[in-house]
Amino acid sequence: MPKSQPYLEAEKKIKDARHKGAQVLYLNNMGLTELPEFQWNLGHLEILDLSNNKIETLPESINRLNNLQLLNISRNNIKVIPKSLEQ
């Protein structure tokens, strides 16, 4: 199945953030229904904004973002929070 345009745009933003060593990544208001795999090597990331999308699930691998201090998942369709985020 081909990847959607929002998915491809998110992948590009993730790649740019990794290359620049960004501490903040905005993937909000993109119309995402799913997230690219969290094999992002973004250990420096402190803020991830996923708000205002159509995301239903977050991958367990989101826990690899070790320095994450703020995760905005408001205004999505998330039904289950990964166990790794409950801590």
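Using a 4.5 Å heavy-atom cutoff, the side chains of I55 and T33 are not in contact. Residues L25 and I14 form a side-chain contact, since some pair of their non-hydrogen atoms from C-beta on lies under 4.5 Å apart.
Scanning for side chain to side chain contact (heavy atoms under 4.5 Å, CB included) contacts around K15 gives R18, with sequence neighbours left out. In this structure, the side chain to side chain contact (heavy atoms under 4.5 Å, CB included) partners of A10, at least two apart in sequence or on a different chain, are L27, M30, L32, P36. Listed by chain and number, the residues in a side chain to side chain contact (heavy atoms under 4.5 Å, CB included) with N28 are Y26, D49, S51 (sequence neighbours excluded). Scored by the side chain to side chain contact (heavy atoms under 4.5 Å, CB included) test, Q5 finds L8, E9 as partners (sequence neighbours excluded). Residues meeting the side chain to side chain donor-acceptor pair (under 3.5 Å) test with E11, sequence neighbours left out: K3. T57 is linked by a side chain to side chain donor-acceptor pair (under 3.5 Å) to nothing, counting only residues two or more places apart in sequence or in another chain. Under the rule for a side chain to side chain donor-acceptor pair (under 3.5 Å), the partners of K12 that lie at least two apart in sequence or sit in another chain are D16. Qualifying side chain to side chain donor-acceptor pair (under 3.5 Å) partners for N52, counting only residues two or more places apart in sequence or in other chains: N29, R75.
Under the 4.5 Å side-chain heavy-atom criterion for grouping Ile, Leu, Val, Met, Phe, Trp and Tyr, Y7 is not connected to L42 through any hydrophobic cluster. No single ILVMFWY cluster, assembled from side-chain heavy atoms under 4.5 Å apart, contains both I47 and I73. In the hydrophobic clustering of ILVMFWY residues, with side-chain heavy atoms under 4.5 Å counting as a link, I81 and L50 come out together.
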Q: Mind running side chain to side chain contact (heavy atoms under 4.5 Å, CB included) on L48 and L65 for me, showing each step along the way?
A: CA-CA 10 Å; L48 176 58; L65 302 175; 3.9 Å; yes
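Within the 3.5 Å criterion, the main-chain N or O of A22 finds a donor-acceptor partner in the side chain of H44. Side chain of N76 to main chain of I78: no donor-acceptor pair is present (N/O by atom type, distance under 3.5 Å, no hydrogens or angles).
Note that the CG atom of L58 and the CG atom of L35 stand 6.0 Å from one another [nearest 0.5 Å].
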